[in-house]
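This report refers to the structure that appears directly beneath it.
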Amino acid sequence: MSELLWQKPGVAVDPRIQAFLAGGDVLLDREFIQDDITASAAHARGLARIGILTDEECTALCRELSLLSADLLSGDFVLDERFEDGHSAIESRLVERLGDTGRKIHTGRSRNDQVLVATRLWLKRKLGELQAVCRESADVCLQRAEAEAIPMPGYTHLQRAVVSSTAMWWAGFAEAFIDNAVRAGQARDWIDANPLGTAAGYGVNLPLDREGSTKELGFARTQVSPIYAQLSRGKFEIAAVDALGAAMLDLRRLAWDLSLFTTAEFGFVALPPQYTTGSSIMPNKRNPDLVELMRATYASVAAARTELENLLSLPSGYHRDLQYTKGALFHAFGRGLGALSLLPNLLRGLQWKPERLAQAFDDGMFATDKAVELAVAGLPFREAYRLAAVEPLPKAGADPQASLEARVSPGGSGALGLGLLRERLAAITGAG
């Protein structure tokens, strides 16, 4: 390992202790180091603006940071066990290439605000990805709702309840993912605050140009209080994971539907072949493994959220406990976005089986229509309810299509409101 940034003369470093302290930082920081480099360049330019660095020193630092970024992408530089973390790797590289100029990069900052700004930039990008995939999923659902309205059973308690349709099913998940896209944007807007320049949580005795770095790094605002910058660590991460979790909850329920609908007992849906796998022993099997893992992924996001919340049982200021927030974030968004990224094409490719859907209707599913029909004719609803239990068929008989057309309450199958959902989706398309 390279010399530790904080190492003091005469104090031996126990490798076992150091390994525990470093934890998984070297591996995790491979995910965050490009954002750390971006923020380091902004910090260097800020130091130049207040005269701490000359223009030549700033240019040299930014050049070497750009080269380091390229070397990381090409594999010519690897963040590995030689370094304590990504921060030390950046500084080590700059000192190796630039000597004392490299040693100036840390003036006016701490690893505390360094990790804050890097993870904040990373989270903004991941929330943007989350919003994009939720928008795309909602769009696919709306396209299919607009294109097909095949009668299908609607269930409560997993029991056949009333007549529904594939269009209603699609519209339900369309609105869900519109809301998820909105929530991802709201979370991104809420955390869009620049912590760079708050140092270890108490500011520094330099007139740092924090507004300049806020503008350069594309933040909407500066996080003013250094103490709050530290208090927000973990809190902002939870907000981001909550937004991800909302989408994962809907993915879990959608996956559950498909898990049921693809069984031989239901047989409502055929999945695209590439979204299923074979059995290692049973030649007759095609298993919905991908759908099942989509269903399972919420557990990883929920676990990350729990880990973040439990890490925050702390007083104000920085504490090393917060190091573990990076792992929770990485695993939540890694698995969550990995699952969600496969959803739009799954939705495009699944095929309904109309003949199996039609076979699933029974007369009892029209009883609610009969009760409403009698109530419209003037009977008190409770009397209509009693009669419909005995004679369930309305005037149209056991006709699923007639039942769907009669459901004219806003949002019902006869008035789906897809245009309103299209308007809501369009309002968030292209958000930053």
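Scanning all heavy atoms of the two residues, the minimum distance from A44 to I105 falls at CB-CD1, 3.8 Å. The two atoms that bring G108 and A199 nearest to each other are O-CB, 4.3 Å, heavy atoms only.
In this model, no donor atom of one side chain and acceptor atom of the other lie less than 3.5 Å apart for S259 and E292. A donor-acceptor contact closer than 3.5 angstrom links the side chains of R109 and S40. With 3.5 Å as the limit, one finds a donor-acceptor pair spanning the side chains of R120 and S232. S403 and R407 share a donor-acceptor pair across their side chains, judged by distance under 3.5 Å alone. Looking at D85 and S88, their side chains do bring a donor and an acceptor atom within 3.5 Å of each other.
Using cut-offs of 30° and 60° for the angle between ring planes, the Y155 and F268 rings count as tilted. Ring orientation note: the planes of F266 and F261 are tilted relative to one another, at an angle of 30° to 60°.
Between L27 atom CG and K326 atom NZ the span is 11.0 Å, to the nearest 0.5 Å. The structure places CD1 of I37 at 11.5 Å from CD of E64, a figure rounded to the nearest 0.5 Å. Distance check, rounded to the nearest 0.5 Å: CG of D363 to CZ of F366 gives 7.0 Å. Here the straight-line distance linking atom OG1 of T368 with atom OH of Y385 works out to 8.5 Å at 0.5 Å rounding.
Electrostatic pairing of E216 and R45 counts as a salt bridge here, judged by a charged N lying under 4.0 Å from a carboxylate O. With salt bridges taken as basic N to acidic carboxylate O contacts below 4.0 Å, none links K215 and E211.
A cation-pi arrangement is absent between R348 and Y275, since the terminal nitrogen or guanidinium carbon is not both under 6.0 Å from the aromatic centre and inside a 45° cone about the axis. Annotation: cation-pi pair K124/F219 present, NZ/CZ under 6.0 Å from the ring centroid and within 45° of its normal.
Residues R422 and L418 are not in side-chain contact: their nearest non-hydrogen atoms beyond the backbone lie 4.5 Å or more apart. Within the 4.5 Å cutoff, the side chain of F173 has heavy atoms near those of the D257 side chain. Q114 has its side chain out of reach of E91: every pair of non-hydrogen atoms, C-beta onward, lies at least 4.5 Å apart.
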**OP:** Assess whether salt bridge (charged side-chain N to carboxylate O under 4.0 Å, His left out) is satisfied between R144 and D139, documenting all intermediate values.
**Re:** CA-CA 9 Å; R144 297 208 60 172; D139 181 59; over 6 Å; no

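The salt bridge (charged side-chain N to carboxylate O under 4.0 Å, His left out) analysis of residues 161-179, with sequence neighbours excluded, yields the pairs E175-R424, D179-R424. Sequence neighbours left out, not one pair with a member in residues 394-423 passes ring pair (Phe, Tyr, Trp, His ring centres under 6.0 Å).
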